[in-house]
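Heads up: the structure comes next, in structure tokens.
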Amino acid sequence: MTSVLGHITTAEFPPEYKKWDYPPPDRLFDAPVNVVVAADKKKVAENIEKQARYVNALCIWTDCDREGEHIGYEICEAARKGNQTLDIKRAKFSNIERAHIINASKNLINLDHKQVNAVASRIELDLRIGYAFTRFLTTSLRTLGGPFQSLLLSYGSCQFPTLGFVVDRYFRVRNFKPEPFWGINVSHKREGIDVNFNWARHRLFDRASVIILYERCLLAKKAKVTKVQEKPTKKWKPLPLTTVELQKMATSFLRMTGQQAMETAEGLYNKGFISYPRTETDRFDPGMNLRALVQKQTQSQAWGDFAQNLVDGGFQQPRQGRNDDKAHPPIHPITFATPSALNDQEKKIYEFVTRRFLACCSEDAKGVATDVDILYGEESFHAHGVVVLEQNYLEVYVYEKWTGSVQLPKFTVGEVFEPTEALMTEGKTAPPNYLTEADLIALMDANGIGTDATMAEHIQKIQERDYVRTVPRTNRASEGANDSEGGQPARGGRGGRPTRGGRGGRGGRGGGTTANGRGGLMEFIPTQLGVALIEGFDRMNFETSLSKPYLRKEMELKMKAICEGRTTKEVVLDESIQQYRHVFMQSQQKLSVLKTHASRAIGNQHSNPTDHPQRRATNPPYSECAQEEGTPIIEESGLVGNTGKEKEETIGLFRKESMPVAFVLANIPIHVSLTLSASTYDSSSHAPRPHRAPNVLSENAPYSTTWGNSYGSWGAVVMLYHSG
DNA sequence: GCAAGGTC
């Protein structure tokens with residue numbers, strides 16, 4: 001038994017392609033690519049080769065994912081060098097429970113060459129495209145002089161879309177035009193409790209209409225209770241922990257960067273305290289003995305009692321997420337770590353991993369929700385209250401709170417009362433926030449940019465290249481780009497409609513996990529250089545955008561097609577190289593466009609980009625909806641989700657009754673039928689919460705329409721509102 | 001000096 005450490009080989013160009021200026025970068029699209037043992041893996045390869053001489057069979061136990069399959073192939077090749085007649089098999093396993101391993105040993109299979117070929121294609125494409133565009137960018141902009149003389153301008157299939165996300169959000173914030181709206185807020189004091197009734201119409205963008213409706217309310221004087229409903233409700237415990245989720249939580253709550261979180265987690269893994277930290281799996285194998293792991297935590301000062309309670313009968317099997325990478329279990333504590341054995345960062349990550357794990361093994365929080373509807377004149381209003389009865393998992397999972405726990409006083413159906421107060425309120429729509437690292441990771445995840453192990457690296461990379469910077473989140477209210485709900489009543493837990501822009505942090509939604517008000521939260525802002533690169537590329541290449549996640553997604557789909565035997569490595573390489581070469585030629589021809597944008601960045605390289613109000617008038621950003629004609633009806637649009645991953649995001653909030661039928665986001669039309677219902681997405685439970693918006697249009701309205709986006713995957717919840 | 005992926 002011996003081992004490797006990741007890939008053994010690496011792909012590289014022959015030495016005659018070493019220089020940056022000659023042969024010209026476009027030659028890298030058809031230059032030979034040599035696969036050689038990586039410089040730091042020579043000993044690993046030699047070891048395999050040598051060991052192979054003494055045996056007649058080899059069994060490969062690498063991760064059972066695509067990359068693991070390729071590494072398995074690399075091992076094969078190294079071993080065959082030493083022993084051509086070796087009988088090579090592969091074990092298929094997804095955890096290291098005794099029975100599972102024994103079963104895998106008894107059922108050895110062959111390497112899957114389709115998966116190997118899929119990865120080989122990725123490796124070759126990344127190499128060719130990355131080198132070609134990096135050299136092209138760096139050398140051709142060098143002639144601009146100034147800082148460009150010494151800048152390294154890299155292009156990568158992951159780093160550029162990552163930069164694209166940051167730039168996109170930046171302009172969505174900058175170009176946001178606040179719009180005033182008006183509403184009616186009814187409140188009533190009873191049993192010492194101030195009850196807020198939210199207007200069923202939420203808000204209208206026409207002041208005169210609101211005045212009329214408001215006056216009708218006042219004229220009616222009395223409100224009538226039309227519905228009172230009390231029902232049990234719960235807040236779901238979190239899903240088992242994945243790498244992406246770990247990074248999102250660490251960057252939001254532990255004041256760490258994704259990179260730091262991963263390094264720390266890896267340290268804990270190497271010391272044997274936590275399981276492997278790079279996993280996409282959010283479901284535990286039913287065969288795993290989780291109780292034993294809980295038992296180990298009973299000795300903790302901080303959460304030992306909670307763990308003991310689970311051991312004493314409170315234990316519940318964790319929820320089963322939808323993702324399984326078939327290579328690793330969700331991240332969980334392996335053994336108890338005394339706090340004194342850990343440094344500060346390790347303590348934070350270990351505590352988080354453990355609390356998350358214990359939360360997964362406990363029960364959902366439980367409460368009672370009360371809904372009261374009233375009719376005031378002809379207008380409907382709604383009050384919602386929640387009383388938390390059992391905290392359960394929330395006792396140990398301190399990163400979440402179930403707020404919005406407002407107790408409503410007693411109301412009876414049919415009763416009539418005169419509201420204490422009815423006010424007409426005014427506010428204006430607010431821009432989204434700049435991206436946080438958690439938002440960025442969520443976007444990368446949803447769009448398939450990078451892997452669990454590399455996302456943080458890509459984010460680091462675009463900072464190293466000075467394409468983006470991070471700045472502490474400030475309250476932008478003072479800029480006047482504010483805000484806000486104006487006099488709108490505070491929303492209860494349920495009404496969490498994302499009225500405030502794509503609001504990546506999900507702050508304020510679903511109650512409780514808000515990042516608001518905490519110091520130290522960093523936001524990503526592009527530098528002038530970053531903006532120039534994205535702008536330049538977007539303007540040079542019309543049909544294929546390098547700044548959007550589309551191309552990476554396409555590569556992902558092609559890899560999948562190879563794995564499923566629908567195409568071959570040769571076909572994919574051929575197609576893709578041709579496609580990229582075309583984009584490359586186009587970029588060469590339109591170099592002047594890029595140069596114009598880049599030269600703007602010279603001089604004030606280190607200040608924030610200034611306004612580019614006309615940006616992409618003809619080429620809307622990846623996640624933004626553009627109306628074909630007429631005035632924009634999109635008030636705000638949020639992130640793009642991915643139905644396959646149980647991610648529903650609101651991508652548009654409409655406020656006109658008549659909608660144009662076609663929206664164009666990019667080049668792939670996707671046919672969807674819009675259901676006219678709304679839902680809020682509860683980020684903590686990952687559960688879509690169906691929610692009929694009060695004055696949503698008829699559910700059967702014929703709004704089947706054509707949407708396009710740049711990914712090929714998406715999941716949208718569209719909300720439609722009357723404008724009155 | 002360049003990519004992205006694996007790993008320590």
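Owing to the predicted nature of the structure, the values given are computational and were not obtained by experimental measurement. Note on naming: letters A, B, ... go to the chains in the order of the sequence lines (proteins, then strands), and numbering restarts at 1 for each one.
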Using whole Å, what does the distance between atom [atom2] of nucleotide [N] and atom [atom1] of [X] come to?
| X | N | atom1 | atom2 | answer |
| --- | --- | --- | --- | --- |
| A:Leu125 | B:dA4 | CG | P | 13 Å |
| A:Leu163 | B:dA4 | CG | P | 12 Å |
| A:Arg122 | B:dA4 | CZ | C1' | 5 Å |
| A:Met262 | B:dG5 | CE | P | 13 Å |
| A:Arg465 | B:dA4 | CZ | C1' | 13 Å |
| A:Asp40 | B:dT7 | CG | P | 14 Å |
| A:Leu153 | B:dC2 | CG | P | 12 Å |
| A:Tyr467 | B:dC2 | OH | C1' | 10 Å |

Testing B:dC2, B:dG6, B:dA4 for proximity to the side chain of A:Ala453, the answer is B:dG6

In terms of side-chain geometry, is the basic nitrogen of A:Glu49 or A:Arg53 positioned less than 4.0 Å from the acidic oxygen of its partner? yes

Quick test of your reading of the model: are A:Glu556 and A:Arg552 salt-bridged, counting only N-O distances below 4.0 Å? yes

Taking the nucleotide of DNA chain B with the nearest heavy atom to each, does A:Asp65 or A:Arg135 sit closer to the 5' end? A:Arg135

When you match A:Ser157 and A:Gly6 each to their closest nucleotide on DNA chain B, which lands nearer the 5' end? A:Ser157

Any side-chain N or O of [X] less than 4.0 Å from the OP1 or OP2 oxygen of [N]?
| X | N | answer |
| --- | --- | --- |
| A:Ser154 | B:dA3 | yes |
| A:Thr454 | B:dG5 | yes |
| A:Arg128 | B:dA4 | no |
| A:Arg278 | B:dT7 | yes |

Indicate whether the side chain of A:His100 and that of A:Asp285 have a donor and an acceptor atom separated by less than 3.5 Å. no

Between A:Thr242 and A:Asp282, a side-chain donor and acceptor under 3.5 Å: no

Using the rule given for side chain to side chain contact (heavy atoms under 4.5 Å, CB included), can you reason through A:Val244 versus A:Met444, listing the C-alpha separation, both sets of side-chain angles and the distance that settles it, and then say yes or no? CA-CA 10 Å; A:Val244 163; A:Met444 293 171 76; over 6 Å; no

When all nucleic acid strands are considered with a 4.0 Å heavy-atom cut-off, which category describes [X]: base, sugar-phosphate, or nothing?
| X | value |
| --- | --- |
| A:Tyr155 | sugar-phosphate |
| A:Arg142 | base |
| A:Tyr276 | sugar-phosphate |
| A:Gly68 | nothing |
| A:Lys41 | base |
| A:His458 | sugar-phosphate |
| A:Ala11 | base |
| A:Gln159 | sugar-phosphate |

Distance in Å, A:Arg142 CZ paired with A:Leu151 CG, rounded so as to fall on 0.5 Å steps: 10.0 Å

Is A:Tyr131 stacked on the base of B:dA3, with ring centres under 5.5 Å apart and planes under 30° apart? no

